[in-house]
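Okay, so here's the structure we're looking at.
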There are 2 protein chains.
Amino acid sequence: MMLERHSISVKMVLMATSNRNPRRSDALSRDRIVEAAIEILDTEDESDLTFRALTTRLSTGAGAIYHHVANKNELLAAATDEVIGRVLAEIAVDTEPRRAIRAISLSIFDAIDAHPWVGAQLSHDPQPAVLRIWKAVGLQLRDLGVTGSAQSDAGSALISYVLGSAAQYAAGARRSPNDTDRKAYLKALAAQWTQRDPDPFVDEMATQLREHNDREQFLAGVEIFLTGITAQTSWLVPRSQ
Amino acid sequence: MMLERHSISVKMVLMATSNRNPRRSDALSRDRIVEAAIEILDTEDESDLTFRALTTRLSTGAGAIYHHVANKNELLAAATDEVIGRVLAEIAVDTEPRRAIRAISLSIFDAIDAHPWVGAQLSHDPQPAVLRIWKAVGLQLRDLGVTGSAQSDAGSALISYVLGSAAQYAAGARRSPNDTDRKAYLKALAAQWTQRDPDPFVDEMATQLREHNDREQFLAGVEIFLTGITAQTSWLVPRSQ
DNA sequence: ACCTGAACACCGTTCAAGT
DNA sequence: ACCTGAACACCGTTCAAGT
């Protein structure tokens, strides 16, 4: 509140410099808004992304943001698309489809590890980011010889698995930013399980829950998928071996 | 607004009858609140579940609800647990683990088809419903001979897949309540894909998207899983065949 | 065309006051 | 113990008014 006047003077300085350095212009744009949203989502809590927080950070009015973005949902989708797009673009082109599928899956997992809010977002409404993922996975499946509805089924299965894991993991990761917190969280969750259902079998499951490693378990799941797809494909099309 | 007075008089009638018929008592309880929440979520839009809507339906005050439920998140978790608990309890005990896993997966899929809001909820924070699902799946995997960390990995993979599919499907299903709407939605989404990325390969994917059947594709994914788990298990423990 | 910021129509949650 | 309902501290979104 007390910074209001100060932020105005900062803006005036920026306006002054922008005359000499147009690259540092403070002109509002969709990209700048999305960028600011990502910063807030990464730095603060997911609930801290409000239009009021955005207007403060961008030192502008609410209406100005609506001039570039239709609503909050579109803004969240754009932020998600930006993060996923960046991550998928970085994947090295690999000639071996199975290795490429592992790399794609893992890069999405890591992106959600770094930006937990993306995990929740990816299983919401039409997401442009999901098309990117479908294309990346689909191309590798094609190279693997999986086509037509089999490709659609396999792609759907893998993508649902990746997004499902991501969302599950992100739900916990949001409240445990580091490794120690994560372990404490899993321990508490395991205790909750055994308390809620005092059954020896649940006890065993709780032990596994406590001791598992997220990343390794995620990769184990990808392997189950690849094995399943390969086995089903080789059943139809015998390998040249 | 104008019904305010009327709802009060209705309540007074209920109070009068409750003296003679205690089973129809209007006493507030956690169960009654959860039940009312499920009704609103099923009947109206997800965003229509507000504490004001609840107080109107239960003809009470906001504070009364907070006396039985900690907050909105807990209410949503309880509603989700109620739906999933009901569905899992109905599954016939099947001696063949693979058939049982198919039944469990499908019943969760169908529950989310009937209550799309459950799909979004299941990939949020600690959900008691998720323990139920883990236990149901874990027991079948054990019967299949999968134990220890292999059981944990396989269970995690299957559950992530089921919840991921459910969330993806529910995201679309929320805005297309019937089959005709669903087809129109898929057609629009496919058109969006081809428009956003004019690539022959994306065109093929869009065709598959338009023509696929949700339920069949979901089951195809479960099959890929079962094949993968079986193949990996038989690799380690040769079948007695 | 782009931006401002007050105003609108909501939320979830709290809490003094009642029974 | 259980309930009431006004009040609080927020939201996303709109829109007349400015440049």
Side-chain angles (χ1 to χ4, degrees), chain A residues 1 3-5 7-12 14-16 18-19 22 25-34 36-37 40-41 44-79 121 124-125, chain B residues 1 3-12 14-16 18-19 22 25-34 36-37 40-41 44-79 117 121 124-125:
Chain A
M1 295 292 181
L3 294 175
E4 211 89 310
R5 279 208 192 139
S7 74
I8 287 170
S9 69
V10 164
K11 198 194 158 195
M12 289 174 80
L14 283 173
M15 280 167 70
S18 72
N19 288 337
S25 159
D26 63 342
L28 210 52
S29 69
R30 192 184 152 96
D31 282 350
R32 275 198 34 152
I33 294 168
V34 169
I40 292 174
L41 287 164
E44 297 167 61
D45 204 84
E46 209 167 328
S47 63
D48 288 328
L49 177 68
T50 64
F51 276 78
R52 277 161 184 82
L54 271 176
T55 55
T56 303
R57 184 176 282 248
L58 297 165
S59 51
T60 181
I65 293 175
Y66 279 94
H67 199 270
H68 293 95
V69 163
N71 52 44
K72 198 180 178 179
N73 273 342
E74 198 197 280
L75 176 57
L76 278 165
Q121 205 53 34
H124 277 11
D125 297 50
Chain B
M1 295 297 179
L3 293 176
E4 212 87 311
R5 279 209 193 137
H6 182 250
S7 74
I8 287 168
S9 69
V10 163
K11 198 200 159 190
M12 289 174 79
L14 283 173
M15 279 167 69
S18 73
N19 288 337
S25 157
D26 62 343
L28 210 52
S29 69
R30 193 186 151 94
D31 282 351
R32 273 197 35 149
I33 294 168
V34 169
I40 293 174
L41 287 164
E44 298 166 63
D45 204 85
E46 211 169 323
S47 63
D48 288 328
L49 178 68
T50 64
F51 276 79
R52 277 160 186 83
L54 271 175
T55 55
T56 304
R57 183 176 282 247
L58 296 166
S59 51
T60 181
I65 293 176
Y66 278 95
H67 199 271
H68 293 94
V69 163
N71 51 44
K72 199 181 178 180
N73 273 342
E74 198 197 278
L75 177 57
L76 278 165
W117 52 274
Q121 205 54 33
H124 276 12
D125 298 50

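The structure presented is a predicted model; accordingly, all values stated were derived computationally and were not measured. Chain letters run A, B, ... following the sequence lines, proteins first and then strands; every chain starts at 1.
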* To do: Please round to the nearest 0.5 Å and tell me the distance separating atom CZ of R30(A) and atom CD of E74(A).
  => 4.5 Å

* Decide whether S29(B) and D31(B) meet the rule of one side-chain donor and one side-chain acceptor closer than 3.5 Å. => no

* Across the strands shown, which category fits I65(B) at heavy-atom distances under 4.0 angstrom: base, sugar-phosphate, nothing? -> nothing

* Output the single nucleotide from dG12(C), dC3(D), dT13(D) whose closest atom is nearest the side chain of Y66(B). => dG12(C)

* Structure fact -> The reported gap from CD1 in I40(A) to CG in L49(A) (rounded to nearest 0.5 angstrom) is 5.5 Å

* Asked: Of T50(A) and A64(A), whose closest DNA chain D nucleotide lies nearer the 5' terminus?
  -> T50(A)

* **Residue whose closest nucleotide on DNA chain D lies nearer the 5' end, G63(A) versus R52(A)** => R52(A)

* Structure fact -> Closest to the side chain of A62(A), out of dA6(C), dA1(D), dC11(C), is dA6(C)

* To do: Report the relative orientation of the aromatic rings in Y66(A) and F51(A); use parallel for angles under 30°, tilted for 30 to 60°, perpendicular for over 60°.
  => parallel

* To do: Quick one: the dot-bracket string of DNA chain C, using Watson-Crick and G-U wobble pairs with both distances under 3.5 Å, [ ] for crossing pairs and | for bases paired to another strand.
  => ||.|||||...|||||.||

* To do: Specify the closest pair of heavy atoms between I65(A) and L28(A), including all atoms of both residues, with the distance to one decimal.
  => N-CD2, 4.4 Å

* Taking H67(B) for its side chain and G63(B) for its backbone only, find out whether a donor-acceptor pair lies under 3.5 Å. => no

* **Touch class at under 4.0 angstrom, heavy-atom based, for L49(B) against every strand present** => sugar-phosphate

* Could you state the CZ-P distance from F51(B) to dT13(C), rounded to the nearest angstrom? -> 5 Å

* To do: Would you mind reading off the distance between L58(A) atom CG and dG5(C) atom C1', rounded to a whole angstrom?
  => 15 Å

* Structure fact -> Out of dT13(C), dC3(C), dA1(D), minimum distance to the side chain of K72(B) belongs to dT13(C)

